[in-house]
Amino acid sequence: MHNNASSLQGEWLPVCNSEDVPEGEARGFLVADERIVVWRDSLDAAHAWRDACPHRGAQLSLGSVSRDWITCPYHGWRYDIEGQCLHIPSNPALRPPKRACATTFVSEEKYGVVWMCFGEPAYALDFYPEADVPGGRRINLAPQTVRSSAPRVVENFLDMAHFSFVHGGILGEQAHTEVPDYEVVPVDGGLEARQCRYWQPAGMPGQGGGAMIDYVYRVRRPLIASLTKMAVGGQGALHIMLVASPVSETETRAWLVSIHEDDATHSDQALYDFNMEILMQDTPIVESQWPKCLPLALDAELHQKCDRMSVAYRRWLAELAFGWGTTGGV
Ligand code: FES
Ligand code: FE
């Protein structure tokens, strides 16, 4: 494993949306330079393992799932849900030894996402309580590849000053480019940006005519950020979690999990399209940022009052010695 991957050891990392792995199927993903297979057993539980058979390293994700077994496509070794090999077809009388065992990882499903942890999780998978608000409808975007580091993707999510330039006509416009000052406070071991405000011509699904939108941003873990747009003009609050799955240090799969409160007028597809348009507008800009890893030394790039949250994020990552996708801080 890459050196900087040690900073991911205790982190819950998103692998895919729950719907990406149907029952009885296996799918392969890259997470932090590791091949990961996710497969679903007969009780619908998702398992995340190293996607390599201990026999000769073939990809288990190319194999087949039957009830509570996954079978390697190369020589047919069959594994149970603990990763233990139960059957070796070329030597059927043999009881497979204990060490004929796949490498398994802790995994859990929440918010419609399959999460895994390479080590022992350092915290509970409960960093998006807004998902449980009554009357909230959850929309999970499909993961999109962003050829940049996960910290660059997270920082973009926390940035308001780009709205009028990257999301013109939706989240901002040329007549209203100012970012009023806001405060950043430490909360629950993470950061919160409060009293954020920005003029948005169509900042909520279906909203027209423009409004000053009040925001709160939160970074609860190094790669997990969320925001709340307060209710405005008859529209319910909108919560968005950014899900950043690190593929490599300079490639990320990113998607948004949004919770739309009290919205009975828009179809799921309309809400999906609204969030996807914004994510797709951000992607080429984030991919253009150089270096791809986020520089934590504060003199590496220039900062302005509106960058208060980005600066706090960089400082916090440096304090945590968070090396994945960053430079200059550790
Ligand atoms: Fe998997 Fe041989 S490589 S059974
Ligand atoms: Fe954006």
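Everything quoted here is computed from the prediction, not taken from an experiment. Just so you know, ligand 1 is whichever comes first in the structure, and atom 1 is the first atom listed for that ligand.
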What N/O/S atom of H75 is the closest to atom 2 (Fe) of ligand 1?
-> ND1

Is the closest side-chain heavy-atom distance between P92 and H87 below 4.5 Å?
-> yes

Do F163 and F165 have ring centroids that are under 6.0 Å from one another?
-> no

Using only N, O or S atoms, tell me which atom of H55 is closest to atom 2 (Fe) of ligand 1.
-> ND1

With a cut-off of 2.8 Å, does D159 place any N/O/S atom under that distance from the Fe ion (ligand 2)?
-> no

N/O/S from C72 sitting under 2.8 Å away from atom 2 (Fe) of ligand 1 | no

Specify the protein heavy atom at minimum distance from atom 3 (S) of ligand 1: its residue, its atom name, and the distance to 0.1 Å.
-> R56 N, 3.3 Å

Would you please indicate yes or no on a ring centroid separation below 6.0 angstrom for H162 and H167?
-> yes

May I ask whether F322 and V311 are part of the same hydrophobic cluster, defined by side-chain heavy atoms of I, L, V, M, F, W, Y residues being less than 4.5 angstrom apart, directly or through others?
-> no

Fit a plane to each ring of Y111 and F127, take the angle between them on a 0 to 90° scale, and name the class: parallel (under 30°), tilted (30 to 60°) or perpendicular (over 60°).
-> tilted

The Fe ion (ligand 2) - closest N/O/S atom in D282 = OD1

Lys NZ or Arg CZ of R194 over Y182 ring: under 6.0 Å, within 45° = no

Determine whether the side chain, the backbone, both or neither of W77 has a heavy atom under 4.0 Å from any heavy atom of ligand 1.
-> both

Would one find an N, O or S atom of C53, in either backbone or side chain, under 2.8 Å from atom 2 (Fe) of ligand 1?
-> no

